[in-house]
Amino acid sequence: MLRRRLDPDGRVVILGAGPTGLGAAHRLRELGHDRFAIFDRATQVGGLAASFVDPRGFTWDIGGHIQVSHYPYFDELLRVALPGQWLQHQRDGQVFFDGELMPYPFQVNIDRLAPETRWRCISGLLARGAADRAPTDFADWMHQRFGEGICDAFMRPFNEKAWAWPLEQMDYRWIRTWASAKDGSLAAVPDLETTLAAVLRPGGSGAVLRGNANEGTFPFPVRGGTGAIWNAIADRIGRDRVHLGRQATRVDARARVVEFADGSSEPYDVLVSTIPLDQLVALAEQSHLVPHAERLCHAAVYVVGVGIVGPTPERLRGRCWIYFPDRDVPFHRATVFSNYAPANVPVGGEFWSVMTETSASPHKPVDGKALIEATCQALRRVGFVDGGHEIASRWLHFSDYGYPIPTLGRDEALARIHPELARLGIYSRGRFGGWKYEVSNQDQGVMQGVELIDRLLLGAHEVTYWFPHVANDPAYYATGE
């Protein structure tokens, strides 16, 4: 056990009403600690998991979210938050390649490819050999793991689009924390014997086990999008504890006071922050930590929603999310969002909807003003939307902080920043508060908040944030050990 950091009468201020902040608040209330309050600059809860309804009545998430759970606690939280208000969907991730849809992960389904491309991928696997040195970066790791053919066909173009960051500047060690392709497709290793068997053995394609990334189902709210979850949890916590439209402008770490843009201030004994860590360091005026915070890199994300009149095209019925490595397509992922819930489209007619994500950074600039039209053109070009489809709605959302990049200097920067903040009673967790992409799904965000409160009040260990390889290992929670 660790030393408790919060007295029973200590006041907790939480910055951010996304999954991590709400998870922390929910756990405080469960443990009977009522001296807390949540503040968020947004006008609704949910953070990057919020949902919106556009003027035409289409519901949109900020990205193609699904509920992937590693934790019984999270499963129970979803159940009590929205009792009986769930739809169940078969996982169906696809890759759009050479004009066709194929199951993901790409690297364990190369028997689906055209003969020439398939041979380039197989010959790359044959040429890999045994790695006699540690990789130097993410790009080097991918080449060692998947070979030149798979990297050229999918891995490099897709990851360049999704991360919007030079792959040679990214670390690879974070990937080791993923236990299966359900956590991330990079965890699926193409076995040469299995790959050749899929191509050559009697029975043809599909004769062997694959990465099982599409095995199982996932829940989705009946209405309200993913944001319905976080609105329901905020209701359970108590809306009187959730203060929206309150932007923090300064953290007086010595006096332990948070100052807000409206001129108000809030004292704290412990500050739980889920705002981007680099911004927190600046707000807390910790100048000696600024050089470390400047090593934390991120990509922005544009989400474009396109609502369309008519029935869902046959090839997209039942589809969930689709990856696009093509460099002439602006987005790296598209979600057929109308398939997730009938209430995601307006009543009073037949509609369907597709939602795309496009990453941007100084290394990959994106013209946001032109993106909606470029997205619509790309959807037509790949055959998802044809000339006969009437577009009923176009929606755009921009998140400056979309992906925390696991750069080569990230872990060292985090190791310098966190201990200094903890000495001041400041604990930073969450997708950008913790800056660990490998444990930044919604369930992991909630548990970062829950486990932090358990540490502060009970002296328990935080597993998810500090031990991602354990948090992503299904055996840990299956055995309870």
Side-chain angles (χ1 to χ4, degrees), residues 91-163 165-168 170 172 174-176 178-215 315 319-329 331-334 359 381-383:
R91 293 174 62 99
D92 189 281
Q94 300 284 314
V95 175
F96 186 84
F97 191 83
D98 278 348
E100 301 292 338
L101 293 174
M102 59 179 285
Y104 102 112
F106 177 91
Q107 66 269 25
V108 296
N109 289 284
I110 60 177
D111 57 297
R112 308 294 184 102
L113 302 175
E116 182 179 348
T117 305
R118 185 171 63 214
W119 171 243
R120 287 201 303 269
C121 293
I122 292 174
S123 62
L125 289 172
L126 289 167
R128 284 180 309 173
D132 56 359
R133 59 173 178 81
T136 56
D137 52 55
F138 184 35
D140 188 35
W141 176 87
M142 285 196 305
H143 194 273
Q144 285 190 19
R145 191 177 183 91
F146 302 115
E148 184 176 359
I150 292 174
C151 283
D152 288 347
F154 179 80
M155 285 296 170
R156 177 170 282 277
F158 176 77
N159 281 283
E160 287 176 344
K161 288 176 65 176
W163 293 107
W165 209 265
L167 306 185
E168 289 77 11
M170 294 175 59
Y172 67 93
W174 57 277
I175 304 165
R176 296 175 178 173
W178 281 342
S180 73
K182 287 187 177 181
D183 294 316
S185 63
L186 293 169
V189 185
D191 175 74
L192 181 58
E193 181 178 349
T194 302
T195 300
L196 291 174
V199 177
L200 301 175
R201 72 181 290 179
S205 179
V208 297
L209 292 175
R210 304 187 181 279
N212 294 322
N214 287 333
E215 185 179 64
R315 71 188 301 203
R319 302 302 188 195
C320 296
W321 60 94
I322 304 164
Y323 298 114
F324 288 81
D326 313 60
R327 290 187 170 94
D328 62 342
V329 173
F331 45 87
H332 61 271
R333 180 167 64 173
S359 297
R381 194 160 58 247
V382 301

Note: Arg315 and Val382 closest approach over all heavy atoms is NH1-O, 3.4 Å
CG (Leu113) and CG (Asp98) are apart, to the nearest 0.5 Å, by 7.5 Å
For a 4.5 angstrom cut-off between non-hydrogen side-chain atoms, does Arg145 reach Leu186?
no
Query raised in the report: Does any non-hydrogen side-chain atom of Asn159 lie less than 4.5 Å from one of His332?
Result: no
In this structure, CG of Asp152 is separated from NE2 of His143 (nearest 0.5 Å) by 7.0 Å
After noting the C-alpha distance and the side-chain angles of Asn109 and Tyr104, does the key distance pass the side-chain contact (heavy atoms from CB on, under 4.5 Å) rule? CA-CA 7 Å; Asn109 289 284; Tyr104 102 112; 5.8 Å; no
Between Cys121 and Ala153, the two heavy atoms sitting closest are SG-CB, 4.5 Å
Shortest non-hydrogen pair, Asn214 vs Gly93, comes out as OD1-N, 2.8 Å
Evaluate the criterion side-chain contact (heavy atoms from CB on, under 4.5 Å) for residue pair Thr136 and Glu168; output intermediate values, then yes/no. CA-CA 8 Å; Thr136 56; Glu168 289 77 11; over 6 Å; no
Hits for ring pair (Phe, Tyr, Trp, His ring centres under 6.0 Å) against Phe106, two or more places apart or cross-chain, chain-then-number order -> Phe97, Phe154
According to the interplanar angle, ranging from 0 to 90°, do the rings of Phe138 and Trp163 count as parallel (below 30°), tilted (30 to 60°) or perpendicular (above 60°)?
perpendicular
Output for pair (Arg333 CZ, Trp321 CH2), nearest 0.5 Å, gives 8.5 Å
- Item | Phe96 vs Tyr323, ring pair (Phe, Tyr, Trp, His ring centres under 6.0 Å): CA-CA, chis, key distance, verdict | CA-CA 6 Å; Phe96 186 84; Tyr323 298 114; over 10 Å; no
d(Arg112 CZ, Met102 CE) to nearest 0.5 Å is 7.5 Å
Exercise. Please check if any side-chain donor atom of Tyr172 sits under 3.5 Å from a side-chain acceptor atom of Trp174, or the reverse.
Key: no
Where do Arg91 and Glu215 land on the side-chain contact (heavy atoms from CB on, under 4.5 Å) test, with the steps shown first? CA-CA 6 Å; Arg91 293 174 62 99; Glu215 185 179 64; over 6 Å; no
Arg120 side chain to Pro115 backbone, donor-acceptor under 3.5 Å:
no
Under the 3.5 angstrom rule, does the side chain of Lys161 hit a backbone N or O of Ser359 as a donor-acceptor pair?
-> no
Interatomic distance, CG@Asp140 vs CZ@Arg133, rounded to 0.5 Å, equals 4.0 Å
Between Glu148 and Arg128, is there a side-chain N and carboxylate O pair less than 4.0 Å apart?
no
CG (Asp92) and SG (Cys320) are apart, to the nearest 0.5 Å, by 5.0 Å
Legend entry - Flag, side chain of Asp137 to backbone of Met170, donor-acceptor distance under 3.5 Å: no
In short, Pro157 meets Cys151 closest at the heavy-atom pair CD-O, 3.4 Å
Closest non-hydrogen contact found for Pro325 with Val95 is CD-CG1, 4.2 Å
